[in-house]
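The structure appears right after this line, and notes come after that.
Computed over heavy atoms, backbone and side chain alike; hydrogens, waters and symmetry mates excluded. So you know, we letter chains A, B, ... as the sequences are listed, proteins then strands, and number each from 1.
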Protein chains: 2
Amino acid sequence: MAHITVSVEYAIHCLLWLAISDDRALSSRDLAEFQGISPTFLAKILPKLEKAGIVGAHEGVRGGYRLARPASQISFLQIVDAIEGEKPLFDCQEVRRRCALYGDCPPKWASGGVCAIHAVMLQAEKAMRASLALQSLGDIAMRFNRIAPAKFFDEIDEWVDERMAIRTGRSGKPEA
Amino acid sequence: MAHITVSVEYAIHCLLWLAISDDRALSSRDLAEFQGISPTFLAKILPKLEKAGIVGAHEGVRGGYRLARPASQISFLQIVDAIEGEKPLFDCQEVRRRCALYGDCPPKWASGGVCAIHAVMLQAEKAMRASLALQSLGDIAMRFNRIAPAKFFDEIDEWVDERMAIRTGRSGKPEA
DNA sequence: ATAACGCGGACTGTATTGATCCCCGTTACG
DNA sequence: CGTAACGGGGATCAATACAGTCCGCGTTAT
Ligand code: FES
Ligand code: FES
């Protein structure tokens, strides 16, 4: 079966960090290094979330990304659509019209409307999308808050602070 | 989003013809020419249905394929799985374990069980598969029987008879 | 014996995906 | 005002998967 690409996994995990460390704008490089994924590749993903209105981008030095809405108002479906576009799960090639019995002009009963087989696929896609629409980023963030120890959130803060200091405070020294 | 490949469309349309023209074994070449699709490519698809126990193959001259079960006992899910294998909709790369905060050994609360994001995807896949499992080839065949004019079925029979005659009766003449 | 079958492997071309690099406009900070 | 950190977009590349072809083998009715 087809795939929801890794880009979506990267995107949602980034959004989860943004949801947890609210307020503070995180740069794409921060998010990449923090999660051990390719910075240049992540830099191609985040603009998609921005164009979809899921995150807000702040340009220039000290810039970065913030959630554009409360996490509870960001559904998984919106994220997946923002990253993957609107490619359908099943892409019907209308083979029913090529039947040898009716040469080049298939009768209306065979070519009108949606092929019954195609309809089944559309229904399956609809079920999948409905399932994705039910879950919000806020749900996952809450679940994460429950399982992660409080100490962990302090470590996140420390890490981010350290990054900020390295980048701005001591900008002349490129290496820590 | 990802795709259910064209092979599935070919496969299901072939199965539909097999369901309609019951009894008679149709060869892969018959099915391909009948639907205007590549014979060599279809010849790669049908064995998958055979290995999955959906169709039965009869080798040798006058051979071909038949449904191995009544059409009502063949679900769309079984067909899709037979063609596409068992590739998951979403293939988790476990990015959660790469977090910079816990170097090489992520704590158990972060790596145990299934990632909450992954779980959402699994649930969506489950919803899609459940939707596909609800529809059977028999349902579609019945729907087809309702919209197709009775005359059409006679034409199918004629066409098949003609093919049989060309292939076996006058085997010495390769062209019609 | 022949020719129509199914079966499988090797092979090609193209599209997509993951990933890198470079350059540009913008913005804070010194 | 200059610099360096930002985001954004285009060009490029390697790996993979998919659609489609070709060839050869074993099987079986006629
Ligand atoms: S023609 Fe595409 S599914 Fe029937
Ligand atoms: S680690 Fe794969 S979805 Fe979270």
Side-chain angles (χ1 to χ4, degrees), chain A residues 1-11 14 25-33 36-52 55-66 83-85 87 90-91 93 95 163-174, chain B residues 1-11 14 25-33 36-51 55-66 83-85 87 90-91 93 95 163-175:
Chain A
M1 202 157 310
H3 293 105
I4 293 184
T5 59
V6 229
S7 299
V8 173
E9 185 170 357
Y10 292 164
C14 285
L26 298 180
S27 76
S28 69
R29 295 159 180 91
D30 287 336
L31 289 165
E33 186 172 333
I37 63 185
S38 157
T40 57
F41 186 52
L42 191 58
K44 312 286 295 183
I45 298 176
L46 293 170
K48 294 182 183 175
L49 296 176
E50 197 270 335
K51 279 192 286 187
V55 299
H58 185 35
E59 287 196 345
V61 94
R62 286 264 216 168
Y65 295 95
R66 277 190 187 84
I83 302 296
E84 307 265 0
K87 303 166 196 163
F90 172 76
D91 154 25
Q93 301 296 309
V95 296
R163 296 273 305 177
M164 297 281 185
I166 294 174
R167 297 268 171 105
T168 65
R170 312 182 293 177
S171 59
K173 304 175 184 175
Chain B
M1 200 158 311
H3 293 107
I4 293 183
T5 59
V6 230
S7 298
V8 173
E9 184 170 356
Y10 292 165
C14 285
L26 299 180
S27 75
S28 68
R29 295 157 180 91
D30 287 336
L31 288 165
E33 185 172 334
I37 64 187
S38 157
T40 57
F41 186 51
L42 191 58
K44 313 283 298 182
I45 298 176
L46 293 171
K48 295 182 184 176
L49 296 175
E50 198 270 334
K51 279 192 286 187
V55 299
H58 185 35
E59 288 195 345
V61 170
R62 287 264 217 170
Y65 295 95
R66 279 189 184 84
I83 302 297
E84 308 263 0
K87 302 166 195 163
F90 172 76
D91 148 25
Q93 301 294 309
V95 295
R163 297 272 304 177
M164 298 281 186
I166 293 174
R167 297 268 171 104
T168 65
R170 311 182 292 176
S171 59
K173 303 175 184 177
E175 203 58 29

First locate atom [atom1] of [X], then atom [atom2] of [Y], and finally report the distance between them rounded to the nearest 0.5 Å.
X: B:L31; Y: B:L26; atom1: CG; atom2: CG; result: 5.0 Å
X: A:Y65; Y: A:D30; atom1: OH; atom2: CG; result: 11.5 Å
X: B:E9; Y: B:C14; atom1: CD; atom2: SG; result: 10.5 Å

Interatomic distance where [atom1] belongs to [X] and [atom2] belongs to [N] [whole Å]:
X: A:L42; N: C:dT17; atom1: CG; atom2: P; value: 17 Å
X: B:I4; N: D:dA17; atom1: CD1; atom2: P; value: 18 Å
X: A:E9; N: C:dT17; atom1: CD; atom2: P; value: 16 Å
X: A:K87; N: D:dA17; atom1: NZ; atom2: P; value: 16 Å
X: B:I83; N: D:dA17; atom1: CD1; atom2: P; value: 18 Å
X: B:E84; N: D:dA19; atom1: CD; atom2: P; value: 8 Å
X: A:I37; N: C:dA19; atom1: CD1; atom2: P; value: 9 Å
X: B:R66; N: C:dC5; atom1: CZ; atom2: P; value: 13 Å

Give a yes/no answer on whether the side chain of [X] brings an N or O atom under 4.0 Å of OP1 or OP2 in [N].
X: A:S7; N: C:dG18; answer: yes
X: B:H3; N: D:dA17; answer: no
X: A:T40; N: C:dA19; answer: no
X: A:R62; N: C:dC29; answer: yes

5' precedence on DNA chain C between A:S38 and B:G64 (nearest-nucleotide basis)
B:G64
For residues 44-51 of chain A, dump all side-chain donor-acceptor pairs below 3.5 Å to protein atoms at least two apart in sequence or in another chain.
none

Shortest side-chain distance from A:F41, nucleotide among D:dC18, D:dG7, C:dA19
C:dA19
Ranking D:dA29, D:dC18, C:dG6 by distance to the side chain of B:V61, first place goes to D:dA29
Donor-acceptor under 3.5 Å (B:E59 side chain, B:A57 main chain):
no
For nucleotides 7-11 of chain C, print each protein N/O atom paired with a nucleotide N/O atom at under 3.5 Å, atom names and distance only.
unit_1, atom_1, unit_2, atom_2, d
C:dC7, OP2, B:Y65, OH, 2.5
C:dG9, N7, B:K44, NZ, 3.1
C:dG9, O6, B:K44, NZ, 2.9
C:dA10, N6, B:K44, NZ, 3.4

